[in-house]
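Some notes on the structure that comes next.
Just so it is clear, the structure is predicted and the values come from calculations on it, not from any experiment.
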Amino acid sequence: MNYHIQSYQQYEKARQEAQLNPELFWDKIAQDNFIWKKPWHTTLNYDFSKPEVKWFEGGQLNITENCLDRHLKDRAQQTAIIFEPNDPHSKTEHLSYQDLHQRVCKFANVLQSNGIEKGDRVCLYLPMIPELAVAVLACARIGAIHSVVFAGFSAAALATRIIDCDAKLVITSDGGFRGDKILDLKTIVDRALEDCAMVKTVLLVKRTGNRVVLKPNRDAWIQPQLDSASVDCPAVVMESEDPLFILYTSGSTGQPKGMMHTTGGYMVYSAYTFKNYFQYTEGDVYWCTADIGWITGHSYIVYGPLLNGATTVMFEGVPSYPDFGRFWDIVQKHRVTQFYTAPTAIRTLAKQPLSLVTSRDLSSLKVLGTVGEPINEDAWHWYHEHIGGGKIPVIDTWWQTETGGIMIANLPGIIEAKPTFATKPMPGIQVVLKSEDGQTLEGSAAGSLCIDFPWPSMARTIWGNHNRFRDTYFSTFQGCYFTGDGAIRDDHGNYRITGRVDDVIIVSGHNLGTAPIEDAINEHPQIAESAVVGKPHDIKGQSLCGFVIPKNQSIDASDLLSSVNRLISEEIGPIAKLDQILVVSGLPKTRSGKIMRRILRKIAGGETSNLGDISTLLNPEVVDEIIQQFHQSK
Ligand code: PRX
């Protein structure tokens, strides 16, 4: 089976084969390119009405043998991970495949000696240091289910996630370096664990040298345990459908959703898409700037690259430290060949003096990628022209935490790019557009973006809440997976993602649900009710605007934004802070009491004259007042 697509003909052939017989297509890819301990008896078993999806049933494997052990024969000394620390003057680390294998085995043995067994949940709350990748793989080695929580989330948000997945053990560090800041991770974990009796053990990585207090019988430094651990750790046998990890993503309402991914299918799809979307070849140095706390980091810093025996860069810091030339320094320093980042980062960097780019040698680059949010035309052209010298392909990759891997994007050098369009689906991905009344749209059209057939790396459930999984993704349109995004298809079958059609707002590439933010705002002693909407923002793509009803008229609006943002930071994290707050006496509501966010979105975006039919509102009179408030606030 041709695993590496290298021409348009090969893409078309793969697409047709996958369309005709998707099971056979994935069957051949899975058989020919991975190590299985036992072959599967059924390639695919699915029923979207339940929903139930099983790939490679009966197959047994361990993903870490595919990421590590199998490379030891030919590439033991090749660098697997280049660790670029926050401080440019600190030493870069190069971990070979052999080093990584040993570190993962030792770490896995330490987890086992702390009582962790197959199926246990382990929460990782770490900065972007090699131990994070090692810990992820160590969990996978022994069949523990990792749940990485982005280290920018607050204690309350961390606690919610630990409780939801009932984690037994937490791995964190004494702190983390991020630009000129030091994150006090241990204190955040301590606060989170006040509400989490299920956590029996906290293992601590030393990174910043912050003074930390160890709680007796719960906390321990990991290093002494690693020092005495064996480098030998047999990989636990996993069924293809055994859970590999849980990763939380925001929903439009309620708790974050613990998306559960399983082993075999995720392995096959993350590896296949990495190889083809980045056209990775021997000797390349690949760098994705995401954090491993997000799905992009799981699939395209850790699993996808290592499954392909690639060299992957892990960067601890931020694009602005010590100055806005840092990304380009790293590209030059490590001769990076594939570079993958978010449109927000591109927009931020495009606002800086061009000399920060032109003073660096970026000639090693071969592929540029973007992910996480729509990329606007200006940012696309800046990236293409100034970073890619006008000749390197830019790939706009659309996918989600739920999809596990890239679903729609232009294969570089193979499918022509079209700025602002993610373009064509991966072979095997059957994209459909649906009208509001559930009809499948043909030809050029705009509608709700759905996937009509299972693919190997789709999430199997929401941890502990299968009904919510069905309701969120499989009930809006019968018989297909609904992404929550809207999209346009042009005459040539290229897709352009137009944005969320639900109450999820994407700020700087981070998914934020309105409900938890509103819950945090409503904790404010002076606020009775609130509604949060997104509005266009030059750099972040969208920013958050809150409309709040005070408990009484005498509210002090001057300090309101900062006091509300303090609350949001405590409850969720700084990523969910509001940019603007408007005090109003009412919120537009339907007769059933639902807030009409469509109207608030338009007002926040400055579109105050074309609000559509508001006569059906319970309280149409508030709309004028809100518009007035909006104008006064400018
Ligand atoms: O709205 C889409 C947007 O990000 C959402 C998924 O967010 P998350 O699960 O956090 O995963 C982000 C990284 C894979 C999608 O529903 N999105 C992601 N990529 C793009 C995008 N919107 C437009 N263009 C993209 N390339």
Side-chain angles (χ1 to χ4, degrees), residues 154 156 250-255 499-507 511-538 540-634:
S154 69
S250 304
S252 42
T253 54
Q255 296 259 355
R500 302 291 310 181
V501 295
D502 56 12
D503 290 333
V504 170
I505 306 170
I506 306 204
V507 179
N511 259 9
L512 299 169
T514 48
I517 306 175
E518 288 161 7
D519 289 347
I521 299 174
N522 297 347
E523 298 276 309
H524 194 283
Q526 292 183 291
I527 292 175
E529 199 184 348
S530 62
V532 170
V533 296
K535 61 179 213 168
H537 186 280
D538 262 9
K540 302 181 195 179
Q542 295 264 294
S543 69
L544 299 177
C545 175
F547 295 84
V548 300
I549 305 177
K551 280 193 176 148
N552 55 50
Q553 294 301 317
S554 61
I555 192 165
D556 174 9
S558 64
D559 180 45
L560 199 60
L561 184 61
S562 50
S563 59
V564 161
N565 277 340
R566 262 197 305 279
L567 268 173
I568 294 176
S569 296
E570 276 166 25
E571 293 296 320
I572 302 166
I575 51 174
K577 286 205 267 189
L578 305 183
D579 266 28
Q580 189 183 12
I581 201 160
L582 292 173
V583 179
V584 294
S585 68
L587 295 167
K589 290 195 174 161
T590 61
R591 290 188 195 278
S592 59
K594 218 172 152 249
I595 298 171
M596 280 283 263
R597 286 168 205 282
R598 179 178 58 78
I599 293 176
L600 296 176
R601 262 196 297 270
K602 281 197 168 174
I603 298 175
E607 198 182 329
T608 51
S609 53
N610 185 17
L611 296 176
D613 182 13
I614 59 168
S615 63
T616 55
L617 288 177
L618 191 68
N619 51 352
E621 69 285 354
V622 296
V623 174
D624 274 346
E625 184 219 313
I626 297 175
I627 293 173
Q628 251 180 25
Q629 285 291 334
F630 170 77
H631 286 306
Q632 275 171 18
S633 72
K634 281 205 289 186

With a 4.5 Å heavy-atom cut-off, do V584 and V622 have their side chains touching? no

For a quick test of reading the model, state the closest non-hydrogen atom pair linking M596 to L617 and the distance between them. CG-CD2, 3.4 Å

Taking the side chain as everything from C-beta on, heavy atoms only, tell me whether P588 gets closer than 4.5 Å to I614. no

Could you measure the distance from the CG atom of L587 to the CG atom of L618? Nearest 0.5 Å is fine. 11.5 Å

Is any side-chain heavy atom of I521 less than 4.5 Å from a side-chain heavy atom of L578? yes

Correct closest heavy-atom pair for R601 and G534 would be CG-O, 3.9 Å

Where I595 and E529 come nearest, the two heavy atoms and their spacing: CD1-OE2, 4.0 Å

With a 4.5 Å heavy-atom cut-off, do Q526 and P550 have their side chains touching? no

Tell me, do S563 and H524 make a side-chain contact under 4.5 Å, heavy atoms counted? yes

Can you confirm whether the side chains of S562 and D559 place a donor and an acceptor under 3.5 Å from each other? yes

Evaluate the side-chain proximity of D579 to H537: yes if any heavy-atom separation is below 4.5 Å, no if none is. yes

Identify the two heavy atoms, one from G605 and one from P536, that lie closest to each other, and give their separation to 0.1 Å. CA-CD, 4.1 Å

CG on N565 to CD1 on I581, rounded to 0.5 Å: 7.5 Å

Looking at S615, is its backbone amide N or carbonyl O close enough to the side chain of D613 to form a donor-acceptor pair, meaning the two atoms are under 3.5 Å apart? yes

Heavy-atom pair of closest approach, residues F630 and T608: CD2-CG2, 4.0 Å

With sequence neighbours left out, write down each residue that passes salt bridge (Lys or Arg N to Asp or Glu O under 4.0 Å) with E625, or none if nothing qualifies. none

Could you grab the distance from atom OG1 of T514 to atom CG of L544, nearest 0.5 Å is fine? 9.5 Å

I'd like to know if the side chain of R598 reaches the main chain of L611, judged simply by a donor and an acceptor atom lying under 3.5 Å from each other, with no hydrogens or angles considered. yes

Quick one: are H631 and I627 in side-chain contact, heavy atoms under 4.5 Å? yes

What pair of heavy atoms forms the shortest contact from N610 to E607, and how long is it? O-OE2, 3.8 Å

Any donor-acceptor N or O pair under 3.5 Å, side chains S250, N511: no

CD1 of I568 to OG of S154, rounded to nearest 0.5 Å, is 11.0 Å

Starting at CG of L567, measure out to CD1 of I572 and round the result to the nearest 0.5 Å. 10.0 Å

Any side-chain heavy-atom pair from V532 and L512 closer than 4.5 angstrom? no

Give, for atom CD of Q580 and atom CG of L561, the distance between the pair rounded to the nearest 0.5 Å. 8.5 Å

